[in-house]
Amino acid sequence: MRVTLKALRTNMGLNQREMAELIGVSKETWSNYENYETFPNVPIIEKITKKTGVSYDDIIFLPVDYGYTVKVQNKQPS
């Protein structure tokens, strides 16, 4: 089963501040991860997988339309 970071947190019964403390980041940083504003680095990903017991392959770190949004953002005007 694949799960988003928000679903992972809510399934654990934690609010953003509690999850951030568990992982060792600020609440704002965790919120950015959930909202796809930033992407956690490898040490943080390792903490997330260890603290939650969910493997990297089962966590959705990017929005479903990521490939589309990247192409649109990088498209040069004619």
Side-chain angles (χ1 to χ4, degrees):
M1 175 179 79
R2 304 223 34 211
V3 62
T4 64
L5 289 172
K6 182 176 182 178
L8 180 64
R9 173 182 58 79
T10 57
N11 289 343
M12 294 178 68
L14 302 175
N15 63 36
Q16 285 186 336
R17 183 165 311 285
E18 294 166 332
M19 187 65 163
E21 289 174 4
L22 179 69
I23 302 304
V25 298
S26 70
K27 178 196 172 291
E28 291 76 20
T29 297
W30 182 262
S31 176
N32 286 338
Y33 296 159
E34 281 190 10
N35 293 308
Y36 311 113
E37 298 294 327
T38 58
F39 186 82
N41 61 27
V42 172
I44 297 299
I45 291 171
E46 289 174 349
K47 284 184 182 181
I48 292 169
T49 59
K50 286 180 185 174
K51 298 285 186 176
T52 64
V54 177
S55 76
Y56 173 80
D57 292 335
D58 292 329
I59 301 173
I60 301 168
F61 289 99
L62 299 171
V64 175
D65 64 347
Y66 178 73
Y68 175 74
T69 58
V70 169
K71 289 179 184 177
V72 171
Q73 290 173 356
N74 290 333
K75 186 175 180 181
Q76 298 295 324
S78 309

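Both backbone and side-chain heavy atoms feed into the values below; hydrogens, waters and symmetry mates do not. Model, not experiment: these values are computed from the prediction.
- The side-chain hydrogen bond (donor to acceptor under 3.5 Å, both in side chains) contacts involving residues 7-17 comprise R9-E34, Q16-K27, Q16-E34, where partners must be two or more places apart or lie in separate chains.
- In this view, F61 and F39, Y56 satisfy the ring pair (Phe, Tyr, Trp, His ring centres under 6.0 Å) rule, not counting sequence neighbours.
- Taking the side chain to side chain donor-acceptor pair (under 3.5 Å) definition, one finds that S26 meets it with T29, sequence neighbours left out.
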Under 3.5 Å, which donor-acceptor pairs do the side chains of residues 44-51 form with other protein atoms, sequence neighbours left out?
| residue | atom | partner | partner atom | Å |
| --- | --- | --- | --- | --- |
| T49 | OG1 | I45 | O | 3.3 |
| T49 | OG1 | E46 | O | 2.9 |

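- Taking 4.5 Å as the limit, every side-chain heavy atom of M19 sits out of range of all side-chain heavy atoms of L5.
- In this structure, CH2 on W30 lies 10.5 Å from OG1 on T38, to the nearest 0.5 angstrom.
- Under the rule for a side chain to side chain contact (heavy atoms under 4.5 Å, CB included), the partners of T4 that lie at least two apart in sequence or sit in another chain are K6, A7, Y36, I60.
- Under the side chain to side chain donor-acceptor pair (under 3.5 Å) criterion, T52 pairs with no residue at all, not counting sequence neighbours.
- Partners of D57 by side chain to side chain contact (heavy atoms under 4.5 Å, CB included), not counting sequence neighbours, listed by chain and number: S55.
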